[in-house]
Number of protein chains: 2
Amino acid sequence: MQNSEAMALSAALLAAAGGLTQRIHEGVVARGFEGLRPAHGFAFARLAPDGATVTDLAAHLGVTKQAASQLVDEMVRKGYAERRPHPDDARARLVVLTVRGWECTRAAEEAAAEAVREWGDTLGEREVRALGEQLLRIAPHGSIRPAW
Amino acid sequence: MQNSEAMALSAALLAAAGGLTQRIHEGVVARGFEGLRPAHGFAFARLAPDGATVTDLAAHLGVTKQAASQLVDEMVRKGYAERRPHPDDARARLVVLTVRGWECTRAAEEAAAEAVREWGDTLGEREVRALGEQLLRIAPHGSIRPAW
DNA sequence: CGAGGTGGTCAAGTAGCTTGACTATGTAGT
DNA sequence: ACTACATAGTCAAGCTACTTGACCACCTCG
């Protein structure tokens, strides 16, 4: 495979990722959740299961804890998350999603599903599944956010 | 397909795109081209064929022309591009890559090819080709940079 | 040739990060 | 049990890559 082909493949991957991100963002806005940027999505993903500390969130987002704290401030101010005392550590605070935060998470999932469904119309559902598996195998482990 | 699966697929796509971007960036740095951020790559891609005006570049990057001009300033200062008078329009200036700019473009291609070759080791070259075609079909047309 | 559109720059402001310094709390060593 | 160090979080200040607004030079079309 030639270098130019690799570049074309790379461009396609980045364009697909960018397009998907935009689709999800638009879908979230359309469902009434405003004041959020795509970057918040990665925070939601980390907070969704059981909450997380600011430091933990910072590590998974690849930013300083000050930046993560600022992001949490914003999410709290807009009603998507809240800070609760940490059960096991008096220094730490557990950041958890509010009801509205969970609703927003579902909205993002719906928007993603909508985009993926359209891919199914184009490629066929079988191919989309295969695509997902292949992407999983080439994606680096542990990285949450794209960071460019 | 359930919403949670769509979300997993989305995460895989974004992770793959982020990983690739980082790989290319590291490869470019390793080949001796410093002071560049991934965002510059999209500018290189637009300038490579025949050069472009600042306004044109801005449109394709999805930023204001002031921001694009600033990006060009930086590339000029670091020796990757230069502004030449536009042959057909005395208002405009044609931004073209320097020799070093072309070398850097080749370095990025090599780095991308290296990453794609590893995908070939994992998935098989046939699958990688199919992946590229599928991504092309689901990627929105005309968008250059991810913009999140 | 005059009116409006377009290419580019200068200037000022903003958002989202950074580094640095600090307090409070947890943890390990002797 | 006390000391020493590590860790969670915040406050403050600074930086950088953008933005909006204003402006000039030059095209284009009536």
Side-chain angles (χ1 to χ4, degrees), chain A residues 18 21-22 25 29 34-44 46-47 50-78 80-96 143-148, chain B residues 18 21-22 25 29 34-44 46-47 50-78 80-96 143-148:
Chain A
T21 302
Q22 194 167 343
H25 183 248
V29 170
E34 310 213 0
L36 292 170
R37 282 162 293 117
H40 290 97
F42 300 101
F44 273 88
R46 187 69 187 81
L47 296 179
D50 301 301
T53 65
V54 164
T55 298
D56 190 21
L57 189 58
H60 281 78
L61 292 179
V63 298
T64 61
K65 50 189 184 175
Q66 292 94 323
S69 182
Q70 200 168 308
L71 202 72
V72 170
D73 282 343
E74 209 177 336
M75 290 171 65
V76 168
R77 189 162 7 97
K78 291 173 178 167
Y80 296 109
E82 62 184 9
R83 295 183 212 250
R84 312 192 55 191
H86 195 289
D88 303 332
D89 190 336
R91 297 170 301 179
R93 320 181 74 180
L94 196 60
V95 182
V96 297
S143 83
I144 293 283
R145 79 156 192 182
W148 74 76
Chain B
T21 303
Q22 193 168 344
H25 183 248
V29 170
E34 310 213 357
L36 292 171
R37 282 162 292 117
H40 290 97
F42 300 101
F44 274 89
R46 187 69 186 82
L47 297 179
D50 301 301
T53 64
V54 165
T55 298
D56 189 21
L57 189 58
H60 281 79
L61 293 179
V63 298
T64 60
K65 51 188 182 175
Q66 291 92 324
S69 182
Q70 199 168 310
L71 202 73
V72 169
D73 283 342
E74 208 177 337
M75 291 171 65
V76 168
R77 190 165 3 99
K78 291 174 179 167
Y80 297 109
E82 61 183 10
R83 295 182 211 252
R84 312 192 54 189
H86 195 289
D88 303 331
D89 189 336
R91 296 170 302 177
R93 320 181 72 179
L94 196 61
V95 182
V96 296
S143 84
I144 293 282
R145 81 155 192 183
W148 76 76

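Proteins get letters first, then strands, A, B, ... in listed order; numbering begins at 1 in each. None of these values were measured; they are calculated from a predicted model.
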The side chain of [X] is closest to which nucleotide in this list: [options]?
X     : options                : result
B:Q66 : C:dG7, D:dG21, D:dT10  : D:dG21
A:R91 : D:dT19, C:dA24, C:dT9  : C:dA24
B:E74 : C:dG7, C:dC17, D:dA17  : D:dA17
B:R37 : D:dC27, D:dA17, C:dC17 : D:dA17
A:T53 : D:dA8, C:dC17, D:dC18  : D:dA8
A:R93 : C:dG8, D:dG9, D:dC18   : D:dG9

Under 3.5 Å donor-acceptor, B:H25 side chain and B:L36 backbone:
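Yes, because the side chain of B:H25 sits within donor-acceptor range (under 3.5 Å) of the backbone of B:L36.
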Counting distance only, does the side-chain N/O of A:H60 pair as donor-acceptor with the main-chain N or O of A:L57 below 3.5 Å?
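It does not hold such a pair.
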Report the residue (B:Q70 or B:K65) whose heavy-atom-nearest nucleotide on DNA chain D is the more 5′ of the two.
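Taking each residue's closest nucleotide, the earlier one in sequence belongs to B:Q70.
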Euclidean distance, atom [atom1] of residue [X] to atom [atom2] of [N] [Å, nearest integer]:
X     : N      : atom1 : atom2 : value
A:F42 : C:dG16 : CZ    : C1'   : 16 Å
B:D73 : D:dA17 : CG    : P     : 12 Å
B:L94 : C:dG8  : CG    : C1'   : 14 Å
B:L57 : C:dG7  : CG    : C1'   : 13 Å
B:L61 : D:dC18 : CG    : C1'   : 12 Å

Do the side-chain N or O atoms of [X] get closer than 4.0 angstrom to the phosphate oxygens (OP1, OP2) of [N]?
X     : N      : answer
A:T64 : C:dC17 : no
B:T55 : C:dG8  : yes
B:R83 : C:dG7  : no

Please name the residue in the list B:H86, B:R91, B:R83 that meets the side-chain contact (heavy atoms from CB on, under 4.5 Å) test with B:T53.
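The single option meeting the side-chain contact (heavy atoms from CB on, under 4.5 Å) with B:T53 is B:H86.
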Over all heavy atoms of both residues, which pair between A:D50 and A:L94 is shortest? Give the atoms and the distance, please.
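Scanning both residues completely, I find the closest heavy atoms to be O-CD2, 4.1 Å.
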Could you pull out the closest heavy-atom pair between A:Y80 and A:E34, with the gap in Å?
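Result for this residue pair: OH-O, 3.2 Å.
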Using a 4.0 Å heavy-atom cut-off across all strands, classify B:A67 as base, sugar-phosphate, or nothing.
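If one applies the 4.0 Å heavy-atom cut-off, B:A67 turns out to touch a base.
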A:D89 vs A:L71, nearer the 5' end of DNA chain C by closest nucleotide:
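The answer here is A:L71.
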